[in-house]
There are 2 protein chains.
Amino acid sequence: MTDTNKFFKSAFSVDNVIFGFDDSDLKVLLIKRGEAPFAGKWALPGDLVYPNEDLDTAAGRVLEELAGLKNVYLEQVHTFGSVNRHPLGRVITIAYFSLVRIDAYNPISSSTMAQSVHWMSVEKVQEVKDLAFDHNDIFHACFQKLQRQVRSRPVGFELLPPKFTLTELQHLYESVLQTELDKRNFRKKILSMDILVDLKEMQAGVAHRPAKLYKFDQEGYNKAVAEGMSFELKESKPKRDAEKKKEVLASHF
Amino acid sequence: MTDTNKFFKSAFSVDNVIFGFDDSDLKVLLIKRGEAPFAGKWALPGDLVYPNEDLDTAAGRVLEELAGLKNVYLEQVHTFGSVNRHPLGRVITIAYFSLVRIDAYNPISSSTMAQSVHWMSVEKVQEVKDLAFDHNDIFHACFQKLQRQVRSRPVGFELLPPKFTLTELQHLYESVLQTELDKRNFRKKILSMDILVDLKEMQAGVAHRPAKLYKFDQEGYNKAVAEGMSFELKESKPKRDAEKKKEVLASHF
DNA sequence: GTAATTAGTGTAAATCATACACAAATTGCA
DNA sequence: TGCAATTTGTGTATGATTTACACTAATTAC
C-alpha cells in the first residue's frame, strides 16, 4: 500500500477555524496575510505540520501560538487536497475547528505568523468571498460542522464565560444556528437536560430585571453522555403549510 | 502559512472502507497483505495519492483498480496522522468509505495490489483486532460515520440491487444500525418519505407469499433533499424505564 | 414614581413514536 | 388435493414530545 521510495515532494498543513462568542455575535479569528501568495487577503490561521508532530498537536499549536490558549475544544473536520489548492506546491490541509472564550483570548503579539489578527463575525465572513487559498470552502465546512455539532453536544459551554444567563446561552444557540428560538421552550428543554447549575446569583448592573446566573455542570453532562443522551435543537419559527410537510418526513422509524 | 522549502519527506495515502450488502449481511472489502509491513494481516484497500491527483480521485481509483467499480458513493471521513502510524515513514492517510452493490462487484484479478481479497462481515471485522496499521481505528470511524449517515440519508439504495423488497431494505437498515426495527413502523415511515416507487411487480420463486418489488425514486429523493428533509431512524426495542429517561433528554428545543 | 427594559413562567393542541396481532399468498410435500 | 410452513402486508390506540403563545416581576434611569 505504501512504499517510501514513492514519496514525492509534498506537505501537509493544518488550518483552524477558531470560533468565539462575543456580545451576541459568533466570530471567527482571521489573519490578514502580509506575504504572497494572497498578500492582503484574510486567511484562516494554519501552519505546516512538523515532521514529528501529530495532526491534532499541530492544530493545537497553531491555536496556542496565535491566541495563547491551551486545551481548548478542537475537532478535525475535513481534509482539503485539490491538486492546485496551493500555488507553491502540493500541500493538502487538514481543517479543524475550535471553540474558545473570547474573554480568555490572549494574543501573543510576538508571533511571527500574526501580521494582523481579527475576530470577524460569521455573517461578515460569509460575505467575504475571497479568503486566501480555499479558505472559503474550509470555513463553510467547519461552520456547517459546528451547526451539526451543536445539536448533539452542548458545545456552547466552551464559548461562554463561566457564569452566564439563560438568555446569553439562548443567543449563542441562535447565533450558531442562525435562527430564532422560543424563550420558554428553550428554557424548558435546556433545564430538563440536567447540565446546568443554578448558581443562586444574580446578574448585577443591568438596567432591567436581573437574570439568574448559571454554570455548566460537567458531571451532569458526563452522566448524560454516558447514558447515550443526545441534545437536539429545533427552530421555533412559525410553520406554514409547506414547511410543516417536511416535519412529517423528519420523524422516526 | 506554508513555505515550500520547509517540505520534508512525507506522503499521504487514502484508505477506503468499502461496504457491501449481501444476504442480510453488511460486509467490508479487505485485502490480505503479502508483504511487510504487516504481511499476512488483513488491511483496508488504499494507496499513496499521486502527485497530480485529487484526494477523492485517489480514493475512487483504489476502488476502481480493486473492484472494477466507477462512480460509486464515496465519502471522506477522517484523516489519520499519528507520527508513528506507518513504520516506514511519515505517512498520513485520508480515510473514505464507499457503498457498493456486491452484485456489481467485478474484481480485477490482475491488480498487483490484490493478493487476497475478501468480503468480511462487519461483525467479523469488529472481532479481528489486529488489522494492519491503524486500520481498526479507521474501520471503526468509518462504520460509525455510516451509522450516522444512514439516519440522515437513504444510504441504502447504493447497497441494494435495483429492485428490492421492503423486507430486504429493512434488513439492510438493521445490519447497518445493528439493531432490530419494527416491521409496521418501518414500512409506514419509509413509504411516507416518497422515495420509493412501487414497481407493481412481485418477487418470484420464493416458497412463501411473494413480496412487492420497489425501486429507489431518485426524483423523489432529490425533491425531499431540496426541501431540507431529514431521514431519521430509531430502534424499536421495548423501552424500560431507564431507557425511557434518555428519550426525554433527546427531544428538541 | 413612572417609563423602559428584560426575566421568568404554564398550558393546551397537534404531531409523532411506539407497541402490538392476525389474515393473505405462496411453495413443498404428503 | 390440501395442509403445513413461511413470509407478506396491514391499522389503531396510547403516551411522549413539540409547538405556539402572553402576561407579570424586577430592576434602572430619569
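When reading the values below, keep in mind they use all heavy atoms of this one structure, side chains included, and skip hydrogens, waters and symmetry mates. Throughout, protein chains are lettered first and strands after them, A, B, ... in sequence-line order, and every chain is numbered starting at 1.
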Asks: Considering only heavy atoms and no angle criterion, is a donor-acceptor pair shorter than 3.5 Å present between the side chain of A/Lys188 and the base of D/dT17?
Replies: no
Asks: Give B/Thr167 one of three labels, base, sugar-phosphate or nothing, depending on what nucleic acid heavy atoms sit under 4.0 Å from its own.
Replies: sugar-phosphate
Asks: Would you mind reading off the distance between A/Ile190 atom CD1 and D/dT18 atom P, rounded to a whole angstrom?
Replies: 13 Å
Asks: Find every protein N or O atom lying less than 3.5 Å from an N or O atom of nucleotides 21-24 of chain C, and list the pairs.
Replies:
from	atom 1	to	atom 2	distance (Å)
C/dA21	N1	B/Arg184	NH1	3.2
C/dA24	N3	B/Arg209	NH1	3.2

Asks: For B/Asp137, check side-chain contact (heavy atoms from CB on, under 4.5 Å) against everything at least two apart and list the hits.
Replies: B/Phe80, B/Asp134
Asks: Hey, is the side chain of A/Arg187 poking within less than 4.0 Å of OP1 or OP2 on C/dG8, counting only N and O atoms?
Replies: yes
Asks: Going by the rule side-chain hydrogen bond (donor to acceptor under 3.5 Å, both in side chains), which residues pair with A/Lys215 if we only count those two or more places apart in sequence or in a different chain?
Replies: none
Asks: If you restrict it to nitrogen or oxygen atoms, what contacts under 3.5 Å exist between nucleotides 1-3 of chain D and the protein, and what is each distance?
Replies:
none

Asks: Would you please name every residue forming a ring-ring contact (aromatic ring centres under 6.0 Å, His included) with A/His118, sequence neighbours left out?
Replies: A/Trp42
Asks: Rounded to whole angstrom units, what separation is found between the CD atom of A/Glu180 and the C1' atom of D/dA20?
Replies: 15 Å
Asks: For A/Phe139, enumerate each residue passing the ring-ring contact (aromatic ring centres under 6.0 Å, His included) test, keeping only those at least two apart in sequence or located in another chain.
Replies: A/Phe143
Asks: Using a strict cut-off of less than 4.0 Å between a Lys/Arg side-chain nitrogen and an Asp/Glu carboxylate oxygen, indicate whether A/Asp182 and A/Arg184 qualify as a salt bridge.
Replies: no
Asks: Which pair of heavy atoms, one from B/Leu191 and one from B/Tyr214, lies closest together, and at what distance?
Replies: CD2-CE2, 4.0 Å
Asks: Rounded to the nearest Å, what distance is computed from the OH atom of residue B/Tyr214 to the C1' atom of nucleotide D/dT8?
Replies: 10 Å
Asks: Not counting sequence neighbours, which residues clear side-chain hydrogen bond (donor to acceptor under 3.5 Å, both in side chains) with A/Glu123? List them please.
Replies: none
Asks: Who pairs with A/Phe164 by ring-ring contact (aromatic ring centres under 6.0 Å, His included), at least two apart in sequence or on another chain?
Replies: A/Phe157
Asks: Whole-Å distance between C/dA7 P and A/Phe186 CZ?
Replies: 12 Å
Asks: Residues from residues 200-208 of chain A sitting under 4.0 Å of DNA chain C, heavy atoms only?
Replies: A/His208
Asks: Measuring from the side chain of A/Lys189 (C-beta onward, heavy atoms only), which nucleotide among D/dT10, D/dT18, C/dC20 has the closest atom?
Replies: D/dT18
Asks: For residues A/Ser98 and A/Asn16, is any side-chain donor paired with an opposing acceptor at under 3.5 Å?
Replies: yes
Asks: Measure CG/B/Asp182 against P/C/dC16 and give the value in whole Å, please.
Replies: 18 Å
Asks: Rounded to whole Å, please give me the gap between CG in A/Leu169 and P in C/dG8.
Replies: 12 Å
Asks: Rounded to whole Å, how long is the line connecting atom CG of B/Leu181 with atom P of C/dA17?
Replies: 13 Å
Asks: Considering only residues two or more places apart or on different chains, which pairs with a residue in residues 155-171 of chain A satisfy side-chain hydrogen bond (donor to acceptor under 3.5 Å, both in side chains)?
Replies: A/Arg153-A/Glu158, A/Lys163-A/Glu201, A/Thr167-A/Arg187, A/Gln170-A/Glu174
Asks: Can you identify which nucleotide, out of C/dC20, C/dA7, D/dC21, has its nearest atom closest to the B/Asn185 side chain?
Replies: C/dC20
Asks: Roughly how many Å is it from CG in B/Leu191 to P in D/dG9, rounded to a whole number?
Replies: 10 Å
Asks: Quick test of your reading: applying side-chain hydrogen bond (donor to acceptor under 3.5 Å, both in side chains), list the pairs with at least one residue in residues 138-148 of chain B, sequence neighbours left out, ordered by first then second residue.
Replies: none
Asks: What pairs with A/Asp130 under side-chain hydrogen bond (donor to acceptor under 3.5 Å, both in side chains), at least two apart in sequence or on another chain?
Replies: A/Lys41
